[in-house]
Q: 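One structure coming up, written as structure tokens, with questions to follow.
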Number of protein chains: 2
Amino acid sequence: MPKKKRQQQLLQIIEDNPFVTDRELTRQLKVSIQTIRLDRMELGIPELRERMKQMAEHSYDQVRSLPVDEVIGDIVDLQLDKSGISIFEIREEHVFSRNGIARGHYVFAQANSLAVAVIDAEIALTASADIRFVRMIRLGEKCISKAYVRSLAGRRGKAEVDVFTYVGEEMVFQGHFVVYRSVSEEYSEGVSRSADRH
Amino acid sequence: MPKKKRQQQLLQIIEDNPFVTDRELTRQLKVSIQTIRLDRMELGIPELRERMKQMAEHSYDQVRSLPVDEVIGDIVDLQLDKSGISIFEIREEHVFSRNGIARGHYVFAQANSLAVAVIDAEIALTASADIRFVRMIRLGEKCISKAYVRSLAGRRGKAEVDVFTYVGEEMVFQGHFVVYRSVSEEYSEGVSRSADRH
DNA sequence: TACATATTAGTACCAGGTTCTAAATTTTGA
DNA sequence: TCAAAATTTAGAACCTGGTACTAATATGTA
């Protein structure tokens with residue numbers, strides 16, 4: 001078997017089982033352990049322990065950053081009860097591996113998070129939404145959402161927010177959200193239960 | 001410092017930094033490395049490498065189950081172009097840690113996934129949706145979504161699907177979805193681009 | 001004081017490597 | 001066809017972050 005092909009196989013084996021030792025690789029590829037190690041060197045694949053360490057650190061980072069993740073997208077501009085802008089880049093974890101197209105609920109989540117953030121209230125909850133996926137969004141595209149508060153019914157009650165999401169000049173998503181604003185006391189009662197807290 | 005207190009501290013240190021070595025622990029706790037190791041023994045804390053391995057395996061399991069996760073919820077019944085039922089249990093990772101209430105986009109995703117799955121077509125894409133969060137959903141609740149196909153415009157074009165999500169007898173979410181059904185050729189053209197692939 | 005508990009020290013050993021030198025084998029180019 | 005180059009294999013020394021075990025030395029405490 002040529003060197004290139006072996007290295008491709010090695011890459012594949014490690015990809016679908018990163019917990020494999022060099023010793024196990026020698027058995028699968030029928031070459032010496034030194035060859036395995038030279039191959040790993042050339043391919044820039046770290047040793048088993050380093051791979052596990054990186055995975056552990058990665059997952060630890062994710063766990064740590066989860067609370068931050070409660071709002072999808074970075075809010076870069078916010079004028080309470082008026083408008084807001086958030087940026088969200090479509091990464092690997094947001095797309096279908098099959099075709100690299102963004103999962104709808106991430107696009108929805110960015111808009112939803114922004115619609116709620118823009119409302120100046122102790123508690124804001126999405127009550128309903130009317131949304132449209134104008135075109136599909138691909139891996140790596142940077143989504144810029146702009147929210148505009150259209151109406152406010154007093155200090156409590158319904159607020160209406162329109163959100164438009166763009167990739168460059170192109171609009172890719174639009175949504176009309178009805179958001180309840182309330183103070184904590186109302187929280188366990190009728191009205192504010194009809195909602196989705198953010 | 002008494003032994004018990006030291007062991008409590010050791011537990012704490014490792015909890016908020018699982019990547020600490022025994023050597024680093026000796027510096028922080030001012031005892032010999034043997035004492036650290038005896039303490040770890042008594043507390044049942046594995047060595048650094050074992051801790052990292054466990055974290056890596058845990059996160060890998062999660063990554064592995066991601067493709068399955070492309071459809072949110074388990075589809076338990078499906079009559080193509082007619083109706084479908086899916087079950088989705090709200091777990092830790094689906095709620096806001098702050099208050100244990102399900103994030104809206106998971107609830108949306110279950111309904112969306114089902115609405116698309118119920119359509120008998122090579123490619124089905126959500127074009128738009130009109131949704132309502134009837135009441136908030138809490139950690140541990142089991143969401144049962146029922147989808148009904150309301151109209152079908154020929155073998156291609158729009159289909160309308162209504163989805164109702166229940167927790168027990170209570171309706172918690174409802175949505176009206178417009179889904180495009182198409183074959184691959186149309187995929188890169190006008191109509192089918194206005195959508196969100198599932 | 002004697003006994004128990006806790007702590008420290010030290011040695012041998014392990015997995016799963018890296019790093020380095022060197023030999024053997026295979027491939028390739030002229 | 002034959003030598004140079006590339007590839008593969010072998011082996012020894014060393015590394016980290018430990019475990020396992022024995023033994024000596026505090027430190028209480030009854």
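A note on names: the letters A, B, ... follow the listed sequences, proteins ahead of strands, and every chain is numbered from 1.
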Q: Students often get this wrong, so: under 4.0 angstrom with heavy atoms, is B:R51 touching a base, only sugar-phosphate, or nothing?
A: nothing
Q: Could you check how far CD of B:Q7 sits from C1' of C:dT5, rounded to whole Å?
A: 13 Å
Q: Find the distance between CE (A:M52) and CD (A:E47) and round it off to the nearest 0.5 Å.
A: 9.0 Å
Q: May I have the distance from A:E42 (atom CD) to D:dA6 (atom C1'), rounded to whole angstrom?
A: 11 Å
Q: Take atom NZ of A:K53 and atom P of C:dA15, then tell me their distance rounded to the nearest Å.
A: 22 Å
Q: Taking atom P of C:dA6 as reference, at what distance in whole Å does atom CG of B:L43 sit?
A: 13 Å
Q: Could you check how far CZ of B:R6 sits from P of C:dT8, rounded to whole Å?
A: 7 Å
Q: Once you round it to whole Å, what is the distance between C1' of D:dA10 and CD1 of A:I33?
A: 12 Å
Q: Categorize A:Q34 for me: base, sugar-phosphate, or nothing, with a 4.0 angstrom heavy-atom threshold over every strand shown.
A: base
Q: If you check every side-chain atom of A:K3, which of C:dG17, D:dT8, D:dG18 has the closest atom?
A: D:dT8
Q: Return the nearest nucleotide to the side chain of A:T35; candidates are D:dT9, D:dG17, C:dT18.
A: D:dT9
Q: Under 3.5 Å, is there any donor-acceptor pair linking the side chain of A:R49 to the base of C:dG17?
A: no
Q: Would you kindly give the CZ-to-P distance between B:R23 and D:dG17, to the nearest whole Å?
A: 8 Å
Q: Remember a base hit wins even if backbone is also touched, and classify B:R37 as base, sugar-phosphate or nothing at under 4.0 Å, heavy atoms.
A: base
Q: Can you tell me how far C1' of C:dA15 sits from CD of A:E50, to the nearest Å?
A: 16 Å
Q: Describe the nucleic acid contact of B:M52 in one word from base, sugar-phosphate, nothing, applying a heavy-atom distance below 4.0 Å.
A: nothing
Q: Is the closest basic N to carboxylate O distance between B:E141 and B:R135 below 4.0 Å?
A: yes
Q: Using the side-chain heavy atoms of B:L38, tell me which of these nucleotides is nearest: D:dG18, C:dT7, D:dA10.
A: C:dT7
